[in-house]
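Everything on this sheet refers to the single structure shown next.
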Amino acid sequence: MNRLVGILQKSVTAQLLLSMLVALFASQAIGFAILWDYLQSDLRAAARAELASRAAAVARLAQTVPPDLLDELLPISSTDTSRFWISNDRQVAIESWVQQAFERFEVPLHDILGEEGRANAGYRLPAGVDAGYFMEGAEWSLSTADRSELPILTRSLDFARQNGAGVIVPIGDGRVLNAAHYKNINPALWRTHLPLSLALTAILVSLVGVLTVRRIASPLRQLTRAAELLGRGEQVSALAVHGPEDIRRTTVAFNSMQERLQRFVADRTRMLAAIGHDLRTPLTTLRLRAELVDDAELRDRMLATIDEMQAMTEATLSLVSQDTSSEPTRTIDLTALVESVCDDLAEIGHPVRFVPGERQDYRCRPEGLKRVLRNLIENAVRYAGGADVRLVTDEKGVTIFVEDEGPGIPFGDLEEVFTPFFRLEESRSRETGGIGLGLSIARAIARQHGGDIVLTQRDPGLRAALVLPQAA
């Protein structure tokens, strides 16, 4: 059940198909409810017309045949749902007449005809149908059934909730022909054409619905995949424009948006290259002039300031140009990549411990992820003396944890440390606190992959989580 609900929540095809089927069954049910009374009325009218016709024919025979043959004529004229008898009471009470009709229907037709060997054959009154049921709704009727062949003094009546009908036909000499018909004309639902009609209609609607939804959903899936890849920083070629008009407009808008983004990034890249070139020239000039200063202490301070300015300039250009990286996206073994970064840092003396895991194929830009991991691990080694690295996979994606047992970061600064040039170390020394762009660059690369970096406190220490989404 939960799986079915999940499919309905995720699949546009399933939702639209279910909506169409619900609308179909609801409309069929409403139509059937409206037509049901008309169907019953038509069936009752047909039964009464047939009863009037048979009663007229039997009445004519009763007036012409000899009396000794009449007793044989009436049983032969009866059917499973009709009975005929002669009486001398033209003004019989309706209750008495219905009681007589019930008593005759209680006797199966094969007993009336005197047929042997058919004790279990033929029509019998359904269980629960008794004299009380026959009396329900018993009343004299002004039925519009065809009575053109019957005498004017013929009387009609209904009984058994209008499932039964009768006529009393005068045949002369004070005698009357009594004709009764009973049949429960409330057909079972499964005996009507409705189940077959619904099944065939549902199949046709499902086929048409699936084809229609697939035609709509196919360009939507293409658009979704392209948007996800674009959000992960990958190059996406222009989408083919097809499908319904609304989808076509959306695809054209996406292609235009992608073209504008690429043009904007290209313009910014050229601007950054120009800024980098223009900044290097005055910095080089300042360095040359500083070399000419005679005061050694002043000269060293000036050169240190120039070096810091140059480092900050290079780091700033690196931060801003992360999303313009031309590194191709490819599928790699992410577990092996994380392990290789840990091994490289361990070889140069950093106390880094990696928890081995299963192979995890992932589509990314490997060099960018390596830079992120090195930054997180080196921060843990610098400020906490070591790092534990592990990789966890779930249905949402992949998370790489870098944990330490150092002093941690105050809760209020967990997000501030990602601000460019923000440093917890207030001495502003590059040897102890860096420039303050490492985590900013790392988060820019992570978000370029559609993920993020999340810092949380431990007791003791800090946990840095590189969260990467499920690959498209």
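Since the structure is predicted, the reported quantities are computational estimates derived from the model, not experimental observations. Nothing fancy with the numbering, it's 1 onward along the sequence.
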Considering non-hydrogen atoms only, spot the tightest contact between [X] and [Y] and give its length.
X      : Y      : value
Leu109 : Pro75  : CD1-O, 4.5 Å
Ala380 : Ala387 : CB-CB, 3.6 Å
Ala47  : His181 : CB-NE2, 3.6 Å
Ala442 : Asn375 : CB-OD1, 4.2 Å
Leu51  : Ala179 : CD1-CB, 3.9 Å
Gln99  : Ala131 : OE1-CB, 3.6 Å

Would you compute the distance between atom [atom1] of [X] and atom [atom2] of [Y] and round it to the nearest 0.5 angstrom?
X      : Y      : atom1 : atom2 : value
Arg54  : Ser77  : CZ    : OG    : 6.5 Å
Asn178 : Ile171 : CG    : CD1   : 9.0 Å
Cys342 : Ile377 : SG    : CD1   : 4.0 Å
Leu466 : Leu369 : CG    : CG    : 6.5 Å
Ile400 : Leu391 : CD1   : CG    : 5.0 Å
Thr399 : Asp394 : OG1   : CG    : 6.0 Å

Going through the distances and angles, do Phe105 and Val129 end up as a side chain to side chain contact (heavy atoms under 4.5 Å, CB included)? CA-CA 11 Å; Phe105 276 108; Val129 175; over 6 Å; no
Do the side chain of [X] and the main chain of [Y] share a donor and acceptor less than 3.5 angstrom apart?
X      : Y      : result
Thr154 : Leu150 : no
Asp388 : Glu403 : no
Asn255 : Ala238 : no
Ser256 : Val252 : yes
Ser340 : Leu337 : yes
Ser82  : Ser78  : no
His449 : Arg365 : yes
Arg44  : Gln162 : yes
Ser27  : Ala23  : yes

Do [X] and [Y] have side chains that approach each other closer than 4.5 Å (heavy atoms only, starting at C-beta)?
X      : Y      : value
Phe354 : Arg390 : no
Lys370 : Arg374 : yes
Gln457 : Ile409 : no
Val398 : Gln360 : yes
Leu439 : Thr419 : no
Phe84  : Ile76  : no
Cys364 : Ile332 : yes
Thr250 : Leu223 : yes

Distance-only side-chain donor-acceptor flag, Tyr182 / Asp80, under 3.5 Å: no
For Val467 and Lys396, run side chain to side chain contact (heavy atoms under 4.5 Å, CB included): C-alpha distance rounded to whole Å, both residues' side-chain angles, the deciding distance at 0.1 Å, then the answer. CA-CA 10 Å; Val467 183; Lys396 295 182 180 180; over 6 Å; no
Verify the ring-centre separation between Trp140 and Trp97: is it less than 6.0 angstrom? no
Does the gap between the ring centers of Phe159 and Phe102 come in under 6.0 Å?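 Centroid distance Phe159-Phe102: not below 6.0 Å, so no.
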Does Arg249 have more than 12 heavy atoms from other residues, nucleotides or ligands lying within 6.0 Å of its CZ? no
Exceeds 12 heavy-atom contacts within 6.0 angstrom, atom CD of Glu245: yes
Lys/Arg N to Asp/Glu carboxylate O, Arg48 vs Asp158, below 4.0 Å: yes
With the threshold set at 4.0 Å, does a side-chain nitrogen-carboxylate oxygen contact exist between Asp361 and Arg359? yes
Taking salt bridge (Lys or Arg N to Asp or Glu O under 4.0 Å) as the test, write out the residues that go with Glu416, two or more places apart. none
For Arg443, check salt bridge (Lys or Arg N to Asp or Glu O under 4.0 Å) against everything at least two apart and list the hits. Glu415, Asp452
Criterion side chain to side chain contact (heavy atoms under 4.5 Å, CB included) on Arg463 and Val402, from CA distance to verdict: CA-CA 6 Å; Arg463 175 184 292 114; Val402 179; over 6 Å; no
Does Ile86 form a side chain to side chain contact (heavy atoms under 4.5 Å, CB included) with Leu70? I'd like the steps, not just the answer. CA-CA 9 Å; Ile86 300 293; Leu70 188 58; 3.9 Å; yes
